[in-house]
Amino acid sequence: MTTTTPPLLLGREDALYIRDVLDLTDKYLRNRWRDPALAPGIALAAADGARALTRHLDENKDH
């Protein structure tokens with residue numbers, strides 16, 4: 001028998017943050033005049049945000 005972990009629900013502010021990061025990334029990728037030099041910074045910011053969000057969700061799960 002396999003047990004599954006119930007899904008962890010996101011708070012409103014977490015969901016909005018994820019939406020904003022994805023929106024910014026999408027706008028950058030669709031911009032014809034985008035500067036390829038900005039891509040590493042955007043990717044780094046998205047990765048930092050993902051780590052912060054994961055840490056926040058883990059803290060909420062622990063409490």
Side-chain angles (χ1 to χ4, degrees):
M1 179 172 152
T2 330
T3 59
T4 58
T5 305
L8 182 62
L9 300 176
L10 294 176
R12 176 175 165 71
E13 56 280 342
D14 297 328
L16 290 175
Y17 177 80
I18 291 170
R19 184 204 62 192
D20 290 346
V21 169
L22 293 175
D23 186 51
L24 174 64
T25 304
D26 182 61
K27 285 178 181 174
Y28 171 77
L29 292 174
R30 293 177 186 276
N31 183 346
R32 301 189 325 206
W33 298 286
R34 68 183 173 261
D35 181 352
L38 296 176
I42 291 172
L44 182 60
D48 286 343
R51 278 190 293 279
L53 181 59
T54 300
R55 189 171 42 254
H56 172 71
L57 292 174
D58 286 343
E59 287 171 1
N60 283 347
K61 187 172 66 174
D62 291 340
H63 290 101

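As a basis for the values below, the full set of heavy atoms in this structure was taken, side chains included, without hydrogen atoms, waters or symmetry mates. Residue numbers start at 1 and run along the sequence shown.
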Quiz item: Looking at residues at least two apart in the chain, or sitting in another chain, which of them share a salt bridge (Lys or Arg N to Asp or Glu O under 4.0 Å) with Arg51?
Solution: Asp48
Exercise. Establish whether Leu38 and Leu29 are linked, either directly or via other cluster members, by ILVMFWY side-chain heavy-atom contacts under 4.5 Å.
Key: yes
Self-check item: Listed once per pair and sorted, the salt bridge (charged side-chain N to carboxylate O under 4.0 Å, His left out) pairs that draw on residues 27-36, sequence neighbours left out
Solution: Asp23-Lys27, Asp26-Arg30
